[in-house]
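By convention in this document, chain letters (A, B, ...) are assigned in the order of the sequence lines, proteins followed by strands, and residues within each chain are numbered from 1.
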Amino acid sequence: MPELPEVETMRRGIAAVVGSRIVEVERPRISRRPILISPNGAALRKRLVGRKIIETDRLGKRVVVRLDSGDSIIFEPRMTGLVLITDPPTREHLRLRLFLENTKPPRNLELLFWDRRGLGLVRVVSPAEMIERYGPETLGTDALTITPDELSERLAPSRRAIKVALLDQRAVAGIGNLYASEILHLSAIHPAIGCNRLRDDDWRRIHKAMRDVLTKAIRYEGSTLSDGTYRNALNKEGGYQNHHRVYDRAGEPCPGCKTEIVRVVQAQRSTFFCPECQPKKRR
DNA sequence: CATATGTCCTGAGAGC
DNA sequence: TGCTCTCAGGACATAT
């Protein structure tokens, strides 16, 4: 579930690791199928041990930790992954531990990757591999920096439903299933309308709603859903779930007009919307 | 080329 | 109570 707000919260939460040096790498033994960590074993240790962390960043839904060697560590949480600097939710699903040392307090820290379902991954990439895998040819412009014009240029030619198109990371990076529904409700756009049927004014509303929803969700440190999986870097719940307008609220009243919120399935994913505030036909 | 569908995974919750 | 089944959706592979 971690989308842009959750991943940005993780990134901010690990700020204390900047300036520290990696002194040891541990891959805890797990009684289930291991996640992908690339490279692995001695090669991983060689790329990381002795390296200093100079910066943290975010690329769409991935956390980036930049090293003084020029390499970057990419943490990709996918569904249930977490990047933490404190005790993880359980010992059982701890996937990677980086032991850190700093010249100033906190002197000793750990940078952890925890993942219950194990769909996430960790990758150490060179500058060239960084561009190849996550450059502008592969990954779209970040949802927080894209301009209204670029958003419509990238999406408007498509015949896909707007909700499905917003999930395409090659077009715009960072939006997932939860925030796509929230953004379209705030924009008053029906989720099944084809992108090529939207007008300039629609794109401007979508762009504004996208910024408003994502920045507010970051302010509340993301959404921890009923399964309780998502946590910030200190293993604390987010708060934005209490501000969801439609997501996972089928049958409840729309916050705008009190009509019952509807759940439909698009591209095998749940979409939530208000049939009154987000009409399919517009006059 | 654009778009659609299948796949991985765990654990919560439903239904019997 | 305890079993089986379904579902949640990140990114990517494969199919149409």
Separation between CZ (Arg204(A)) and CG (Leu198(A)), nearest 0.5 Å, reads 12.5 Å
The reported gap from CG in Leu100(A) to CD1 in Ile53(A) (rounded to nearest 0.5 angstrom) is 5.0 Å
Grab the N/O contacts between the protein and nucleotides 4-11 of chain B below 3.5 Å, and write none if there aren't any.
| from | atom 1 | to | atom 2 | distance (Å) |
| --- | --- | --- | --- | --- |
| dC9(B) | OP1 | Arg33(A) | NE | 3.3 |
| dC9(B) | O2 | Arg117(A) | NE | 3.2 |
| dC9(B) | O2 | Arg117(A) | NH2 | 3.2 |
| dG11(B) | OP1 | His93(A) | NE2 | 2.9 |

OP1, OP2 of [N] versus side-chain N and O of [X]: anything below 4.0 Å?
X         : N       : result
Ser226(A) : dA12(B) : no
Ser158(A) : dT3(B)  : yes
Tyr247(A) : dG9(C)  : yes
Arg263(A) : dA8(C)  : yes

query = Would Ile162(A) and Leu184(A) satisfy side-chain contact (heavy atoms from CB on, under 4.5 Å), going step by step from the backbone distance to the final call?
reply = CA-CA 9 Å; Ile162(A) 177 62; Leu184(A) 291 177; 3.9 Å; yes
Without decimals, in angstroms, what is the distance between [X] [atom1] and [N] [atom2]?
X         : N       : atom1 : atom2 : answer
Gln169(A) : dA11(C) : CD    : P     : 4 Å
Leu225(A) : dG10(C) : CG    : C1'   : 13 Å
Phe113(A) : dG10(C) : CZ    : C1'   : 11 Å
Leu167(A) : dC12(C) : CG    : P     : 14 Å
Asp115(A) : dG9(C)  : CG    : C1'   : 13 Å
His244(A) : dA8(C)  : NE2   : C1'   : 15 Å
Glu6(A)   : dA8(C)  : CD    : C1'   : 15 Å
Leu166(A) : dG9(C)  : CG    : P     : 15 Å

Backbone N/O of Glu3(A) and side chain of Glu6(A): donor-acceptor pair under 3.5 Å: yes
Hey, is Glu24(A) close enough to Arg97(A) for a salt bridge, meaning N to O under 4.0 Å? no
Is the centre of the His185(A) ring less than 6.0 Å from the centre of the Phe273(A) ring?
no
Contacts of Asn177(A) and Thr138(A) projected onto DNA chain C by closest heavy atom; the upstream (5') one is Asn177(A)
- Pick base, sugar-phosphate or nothing for Arg62(A), based on heavy-atom distances below 4.0 Å to the nucleic acid. sugar-phosphate
Base, sugar-phosphate, or nothing for Thr80(A), non-hydrogen atoms under 4.0 angstrom? nothing
Exercise. Could you tell me whether the side chains of Asn196(A) and Arg160(A) share a donor-acceptor contact shorter than 3.5 Å?
Key: no
